[in-house]
J.: 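Sharing a structure with you now.
Bear in mind that the values here come from a model prediction, so they are computed numbers and not experimental data.
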Amino acid sequence: MLKFILGPTGGYAAGLNLVTTILTTVFGMMTVVFLFTYSGNWLREKVLNRFIKKKNRSAASNQRFAAIWKKYGLPGVAFLTPLILTPIGGTLLAVSSGSPKEKIIFYMFISAAVWSVVFSVAIYFFGNEVLPDFIKPG
């Protein structure tokens, strides 16, 4: 749920079936997407604001997110989420943009499904050649 590539790598290391690994990876990302899409505002208002004092957020960080959003929009952010942003980061960016929740879920699901297949197939077919020994199934 935290880092997308760990799903396919973990499934391979555990010796799971390829389809099981793909489905589990998609489920892991979508769990975070649902959690943060439907409770992100509540978490920020009720939990984070109580424990984290408001501080001046970095203008450079905000500009970077704004640039990504302006250039790629929701489909681009969903596409980049497994690669660069992580499921949490991509979902928070999408939610903070004010996108409709249904569209966030849809685009994130498509992205999770596509990237899960790509990463899992690559790891399952080339894992023995490129992964360290401690990750290879025993």
J.: Passes side-chain contact (heavy atoms from CB on, under 4.5 Å), Leu35 versus Thr31? Steps please.
T.: CA-CA 6 Å; Leu35 178 69; Thr31 300; 5.5 Å; no
J.: Kindly indicate whether the side chain of Met30, heavy atoms from C-beta on, has any atom under 4.5 Å from the side chain of Ile105.
T.: yes
J.: May I have the step-by-step check of side-chain contact (heavy atoms from CB on, under 4.5 Å) for Ile5 and Ile123, ending in yes or no?
T.: CA-CA 10 Å; Ile5 193 67; Ile123 288 171; 4.0 Å; yes
J.: Can a donor-acceptor pair be found, under 3.5 Å and without considering hydrogens, that links the side chain of Tyr12 to the backbone of Asn128?
T.: yes
J.: I want to check something: taking the side chain as every heavy atom from C-beta on, are Leu83 and Phe119 in contact at a cut-off of under 4.5 Å?
T.: yes
J.: Does any part of the side chain of Ser111, heavy atoms only, come nearer than 4.5 Å to the side chain of Pro82, both counted from C-beta?
T.: yes
J.: Using only atom types and a distance under 3.5 Å, with no angle test, would you say the side chain of Ser96 pairs donor to acceptor with the backbone of Leu93?
T.: yes
J.: Which atom names give the shortest non-hydrogen contact between Thr25 and Ser116, and what distance separates them?
T.: CB-OG, 3.4 Å
J.: What do the steps show when you test Tyr72 against Leu80 for side-chain contact (heavy atoms from CB on, under 4.5 Å), and what is the final call?
T.: CA-CA 9 Å; Tyr72 302 109; Leu80 293 173; 4.1 Å; yes
J.: Do Val33 and Leu23 sit in one hydrophobic cluster, given that two such residues count as connected whenever their side-chain heavy atoms are within less than 4.5 Å of each other, even indirectly?
T.: no
J.: I'd like to know if the side chain of Thr91 reaches the main chain of Pro87, judged simply by a donor and an acceptor atom lying under 3.5 Å from each other, with no hydrogens or angles considered.
T.: yes
J.: Looking only at non-hydrogen atoms, find the nearest pair between Thr81 and Val77 and report the distance.
T.: OG1-O, 2.6 Å
J.: Can you list the residues that meet the side-chain hydrogen bond (donor to acceptor under 3.5 Å, both in side chains) rule with Thr21, with sequence neighbours excluded?
T.: Tyr124
J.: Test of understanding: clusters of I, L, V, M, F, W, Y form through side-chain heavy atoms closer than 4.5 Å, transitively. Do Val19 and Phe4 belong to the same one?
T.: no
J.: Might you point out which heavy atoms bring Ser99 and Ile104 nearest each other, and give the distance in Å?
T.: O-CD1, 3.7 Å
J.: Mark yes when over 12 heavy atoms from residues, nucleotides or ligands other than Tyr38 sit less than 6.0 Å from its OH; otherwise mark no.
T.: yes
J.: Under a 4.5 Å cut-off applied to non-hydrogen side-chain atoms, are Phe34 and Ser39 in contact?
T.: no
J.: Side chains of Leu85 and Phe79: does their closest heavy-atom pair fall under 4.5 Å?
T.: no
J.: Hey, could you give me the CZ/CE distance between Phe109 and Met29, rounded to the nearest 0.5 Å?
T.: 10.5 Å
J.: Can you give me the closest heavy-atom contact between Ala113 and Val26, atom names plus distance?
T.: CA-CG2, 3.7 Å
J.: Keeping the roles fixed (side chain from Ser120, backbone from Pro8), state whether a donor-acceptor pair exists under 3.5 Å.
T.: no
J.: Rounded to the nearest 0.5 Å, what's the gap from CG on Leu74 to CE on Met108? Could you check?
T.: 6.5 Å
